[in-house]
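What follows is a single structure, written as structure tokens, with notes after it.
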Amino acid sequence: MADGITNKQPFGVGQELFKQGQPPRMAYLIERGKVEISRMNGDQKVVIGYRKTGDIVGEMALIDNTPRMATATAVEPTVCVLITESLFKEHLSKATPLLKKILSTFTDNLRGMAERALSLPADRS
């Protein structure tokens with residue numbers, strides 16, 4: 001694969017790529033499969049969405065160096081290309097200051113929206 005990314009890891013159904021609250025260590029490019037993104041709200045699991053082949057998960061924690069805001073779980077047999085923290089930061093260091101600020105702001109906004117969404121009352125319709 002391009003850019004020196006060659007490590008791949010398979011994940012079976014139900015296997016976690018990473019867990020909410022863990023420190024960032026890498027991002028994952030989904031080469032094949034499907035991943036569920038969820039958060040715990042108290043003792044209730046809230047599914048935020050799904051990511052599929054070609055998507056990247058785990059990048060936000062690497063952008064702002066904060067613990068994982070969600071858990072990523074394979075929902076079908078999945079193979080991911082591992083993007084190490086050092087490789088991610090090497091590429092990020094080449095970005096312009098404007099792009100870095102946009103990514104930082106975007107990440108802050110997403111984290112804030114996720115927190116606010118979890119505090120809303122459940123839809124009872």
Side-chain angles (χ1 to χ4, degrees):
M1 177 155 212
D3 295 321
I5 305 172
T6 57
N7 293 333
K8 296 181 184 181
Q9 182 172 346
F11 294 91
V13 174
Q15 189 175 1
E16 293 176 348
L17 285 67
F18 54 83
K19 191 170 182 71
Q20 181 177 336
Q22 287 180 330
R25 293 205 170 81
M26 63 184 60
Y28 303 80
L29 169 63
I30 304 170
E31 185 176 80
R32 182 177 66 248
K34 187 175 180 182
V35 174
E36 175 188 86
I37 308 299
S38 63
R39 285 182 51 101
M40 293 303 293
N41 186 14
D43 62 352
Q44 180 180 349
K45 176 179 161 183
V46 178
V47 175
I48 297 171
Y50 295 89
R51 301 296 177 264
K52 61 186 181 336
T53 299
D55 291 341
I56 294 177
V57 297
E59 77 291 348
M60 285 177 49
L62 291 178
I63 290 170
D64 62 7
N65 197 35
T66 59
R68 304 286 188 185
M69 69 171 271
T71 298
T73 308
V75 293
E76 60 185 49
T78 298
V79 175
C80 292
V81 176
L82 306 178
I83 304 168
T84 64
E85 181 179 16
S86 61
L87 182 62
F88 188 89
K89 293 200 182 287
E90 176 187 326
H91 283 270
L92 190 59
S93 72
K94 296 174 185 173
T96 65
L98 176 61
L99 182 56
K100 289 178 188 177
K101 185 62 177 174
I102 290 169
L103 288 172
S104 174
T105 300
F106 183 71
T107 300
D108 289 346
N109 289 342
L110 281 175
R111 287 186 186 281
M113 287 188 322
E115 291 300 320
R116 285 189 297 280
L118 285 177
S119 67
L120 294 174
D123 183 8
R124 305 208 188 271
S125 54

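Quick note: residue numbers are just sequence positions, from 1. Given the structure is predicted, the values throughout are model-derived calculations rather than measurements.
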Shared hydrophobic cluster, V57 / F11 (ILVMFWY, side-chain heavy atoms < 4.5 Å):
yes
Do I56 and L110 belong to the same hydrophobic cluster, where Ile, Leu, Val, Met, Phe, Trp and Tyr are linked whenever their side-chain heavy atoms lie under 4.5 Å apart, directly or via other members?
no
Which distance, rounded to the nearest 0.5 Å, do you find between the OG1 of T96 and the NZ of K101?
13.0 Å
Ignoring hydrogens, what is the shortest heavy-atom contact between L17 and C80? Give both atom names and the distance.
CD2-SG, 3.7 Å
At what distance, to the nearest 0.5 angstrom, does NZ of K34 lie from OG1 of T53?
10.5 Å
Nearest heavy-atom approach of E76 to V13 is CA-CG2, 3.5 Å
Q22 side chain vs K19 backbone, donor-acceptor pair below 3.5 Å
yes
So does Q20 get a backbone contact from the side chain of T71, meaning a donor-acceptor N/O pair under 3.5 Å?
yes
Would a distance-only check, ignoring hydrogens and angles, find a side-chain to backbone donor-acceptor pair under 3.5 Å from T73 to Q15?
no
Distance-minimising heavy-atom pair for L92 and K100
O-CE, 3.2 Å
CD1/I83 to CD/E90 distance, rounded to the nearest 0.5 angstrom?
12.5 Å
Tell me whether I30 is reachable from L82 by hopping between hydrophobic residues (I, L, V, M, F, W, Y) whose side-chain heavy atoms are closer than 4.5 Å.
yes
What closest approach, in Å, do A74 and G12 show between heavy atoms, and which atom pair accounts for it?
CB-O, 3.4 Å
Mind checking what makes side-chain hydrogen bond (donor to acceptor under 3.5 Å, both in side chains) contact with E59, not counting sequence neighbours?
none
What's the separation between atom CZ in R25 and atom OG in S86, rounded to the nearest 0.5 Å?
13.0 Å
Keeping the roles fixed (side chain from T107, backbone from L103), state whether a donor-acceptor pair exists under 3.5 Å.
yes
Where is the tightest heavy-atom contact between I63 and F88, given as atom of each residue plus distance?
CG1-CZ, 3.7 Å
Closest approach of V81 to K8 (non-hydrogen atoms, all atoms of both residues):
CG2-CG, 4.2 Å
Main chain of A61, side chain of R68: is a donor-acceptor contact present, judged purely on distance under 3.5 Å?
no
Would a single hydrophobic cluster contain both M113 and I48, if residues Ile, Leu, Val, Met, Phe, Trp and Tyr are joined by side-chain heavy-atom contacts under 4.5 Å?
no
Sole candidate of I102, N109, D108 that passes side-chain contact (heavy atoms from CB on, under 4.5 Å) when paired with T105:
N109
K45, K52, R51 screened by salt bridge (Lys or Arg N to Asp or Glu O under 4.0 Å) with E36, the one that passes:
K45
How long is the gap from OG1 on T78 to CD on Q9, to the nearest 0.5 Å?
11.0 Å
Check for me, please, whether M26 and V35 land in the same ILVMFWY cluster - side-chain distances under 4.5 Å, paths through other members count.
yes
